[in-house]
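Side chains included, hydrogens not; waters and symmetry mates left out as well; all remaining heavy atoms used. Note on naming: letters A, B, ... go to the chains in the order of the sequence lines (proteins, then strands), and numbering restarts at 1 for each one.
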There are 2 protein chains.
Amino acid sequence: MPLVKQIRRRGGLERLAKQHGLRLTRQRRLIFAILESAKTHLNAKQILEQAQRLEPGIDQVTIYRNLGVLKRLGVVDELDLLHLRGDQHYYEARQVRAHSHVACLACGKVFEFYTSAIKTIDRELEKECGFSVSFTRIEIGGQCAACRKSGREAPLPRKGKQAR
Amino acid sequence: MPLVKQIRRRGGLERLAKQHGLRLTRQRRLIFAILESAKTHLNAKQILEQAQRLEPGIDQVTIYRNLGVLKRLGVVDELDLLHLRGDQHYYEARQVRAHSHVACLACGKVFEFYTSAIKTIDRELEKECGFSVSFTRIEIGGQCAACRKSGREAPLPRKGKQAR
DNA sequence: ATGTTATTGCAACTGAGTTGCAACAACAGA
DNA sequence: TCTGTTGTTGCAACTCAGTTGCAATAACAT
């Protein structure tokens, strides 16, 4: 599974903040820093827990409000990762290169996959429909190589509540 | 905007039900029929309202439980449509051909877009990663031709709660 | 240093989705 | 067609992610 090193827009937060009349509070910087350095996709609760280690008084509303702001600015993306683990939403700092999220339905692992086909779709939409693409989200479900080898199947008719 | 006629797997529900020991209740048939004939993407509440017209006593738990079953069977997909209208989830009967959901951030319209590039991605994942794809979900945000013409922009730094 | 105002934290709230359980009904076998 | 098994339904109570109103606080421009 080829994992390309992540490339991110740097130092854009200050510029964007000034542009939109936003203030760079300690809390806002912290939340953005957590997302930028995250190695996995985090949900709101996990972001809160990480933030509270450095900023014990921080409240969950501050997390939600800032996730909202960062989403609107386009520096953070909200994902559902195919609802594999319930109805959670996950967040990641937006990277320069668009990528797909590939989830194994058998073992639950989520990979990132980079392909030029994403650009192809964007170009087609532009040419065929006159649609100007701002961002693309691709989520793919299936069975990873390891699970195919070991014969591990997706527990298809899954029952009951998924882990929250 | 080229809208390809929808092609769906027909008559598969009976087979699947037998296969998995499920019963084809009136309610289950109704919910599936609503999704199959839907011209737009529906959320749970809208499905409930439609169902109650034909089956006044039907409860929302029945909707949720059946959406769960139909999802697990792979005949219904759950989408968030980029959270354009809040954190709602939308449902659609799975079609034979995979397609992308293209949403205009300015006017909120959602289109379906068919492209062979989806197959390209699936093939690449198979060849490069040994990953076997079951389904692909593509959601694209941007500006549609009409909004570009009329100069309508996405209300980017959007504030407050979105319509629920 | 000072005023303006975006932002924070608290507490109370909203609403989508879930759970337990008794009554019901689909369906297979007689 | 009748009958037993058991998957499914509807109800009521619940859970919990995310939101709202508001007073106190703190960025940041001047």
S.K.: Would you please say whether a donor-acceptor pair under 3.5 Å links the side chains of E139(A) and H101(A)?
M.R.: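 No, no side-chain donor-acceptor pair sits under 3.5 Å.
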S.K.: Taking the side chain as every heavy atom from C-beta outward, state whether L30(B) and L54(B) have any atom pair closer than 4.5 Å.
M.R.: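 Yes; the side chains approach each other to less than 4.5 Å.
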S.K.: Tell me whether the side-chain N/O atoms of Y64(A) come closer than 4.0 Å to OP1 or OP2 in dG18(D).
M.R.: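 True: Y64(A) side-chain N/O within range (under 4.0 Å) of dG18(D) OP1/OP2.
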S.K.: For the side chain of R23(B) and the base of dT6(D), is some donor closer than 3.5 Å to an acceptor across the two?
M.R.: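 Counting by modelled atom types and ignoring angles, a donor-acceptor contact under 3.5 Å is found here.
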S.K.: Distance check needed: dG10(D) C1' versus L48(B) CG, whole Å only.
M.R.: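 Taking CG of L48(B) and C1' of dG10(D), I get 12 Å after rounding.
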S.K.: Please compare D59(A) and H89(B) by the position of their nearest nucleotide in DNA chain C and report the one closer to 5'.
M.R.: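 Its nearest nucleotide lies further toward 5', so the answer is D59(A).
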S.K.: Compare side-chain N and O positions of Q27(A) against OP1 and OP2 of dG9(C) and report whether any pair is under 4.0 Å apart.
M.R.: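 Answer is yes, contact under 4.0 Å.
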S.K.: Does T25(B) make a side-chain N or O approach to OP1 or OP2 of dA26(C) shorter than 4.0 Å?
M.R.: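 No, outside the criterion.
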S.K.: Nearest-Å distance, CZ (R65(A)) to P (dA26(D))?
M.R.: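 Whole-Å distance recorded here is 15 Å.
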S.K.: With a 4.5 Å cut-off on side-chain heavy atoms, are L105(A) and Q143(A) touching?
M.R.: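 No, their side chains stay 4.5 Å or more apart.
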S.K.: Is the shortest side-chain N to carboxylate O distance from R137(B) to D80(A) below 4.0 Å?
M.R.: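 Looking at R137(B) and D80(A), the cut-off is met.
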S.K.: Do V76(A) and L22(A) belong to the same hydrophobic cluster, where Ile, Leu, Val, Met, Phe, Trp and Tyr are linked whenever their side-chain heavy atoms lie under 4.5 Å apart, directly or via other members?
M.R.: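 They do share one cluster, since a chain of ILVMFWY contacts under 4.5 Å joins V76(A) to L22(A).
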S.K.: Let me spell it out: for each of V69(A) and R26(B), pick the nucleotide of DNA chain C with the closest heavy atom. Which residue's pick is nearer the 5' end?
M.R.: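 Whichever sits nearer the 5' end wins; that is V69(A).
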S.K.: What nucleotide among dA11(C), dT9(D), dT7(C) has an atom nearest to a side-chain atom of V61(A)?
M.R.: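 Shortest atom-to-atom distance from the side chain points to dA11(C).
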S.K.: Identify, between G21(B) and Q60(B), the residue whose nearest nucleotide on DNA chain D lies closer to the 5' end.
M.R.: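 Its nucleotide being nearer the 5' end, the pick is G21(B).
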S.K.: Whole-Å distance between dT19(D) P and D87(B) CG?
M.R.: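 Atom-to-atom, D87(B) to dT19(D), this comes out as 6 Å.
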S.K.: From NE2 of H83(B) over to P of dG18(D), roughly how many Å is that when rounded to an integer?
M.R.: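 So the NE2-P distance, H83(B) to dG18(D), works out to 9 Å.
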S.K.: Write down the distance between CG (N66(B)) and C1' (dT18(C)), rounded to a whole number of angstrom.
M.R.: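 Going from CG in N66(B) over to C1' in dT18(C) covers 15 Å.
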S.K.: Taking atom P of dC27(C) as reference, at what distance in whole Å does atom NE2 of H20(B) sit?
M.R.: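 To the nearest whole Å, that distance equals 15 Å.
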S.K.: Whole angstroms only, please: what is the CZ-C1' distance between R28(A) and dT8(C)?
M.R.: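 My rounded result for the distance is 10 Å.
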S.K.: Quick one: I58(B) CD1 to dT9(D) P, roughly how many Å, whole number?
M.R.: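 Taking atom P of dT9(D) as the reference, CD1 of I58(B) is at 8 Å.
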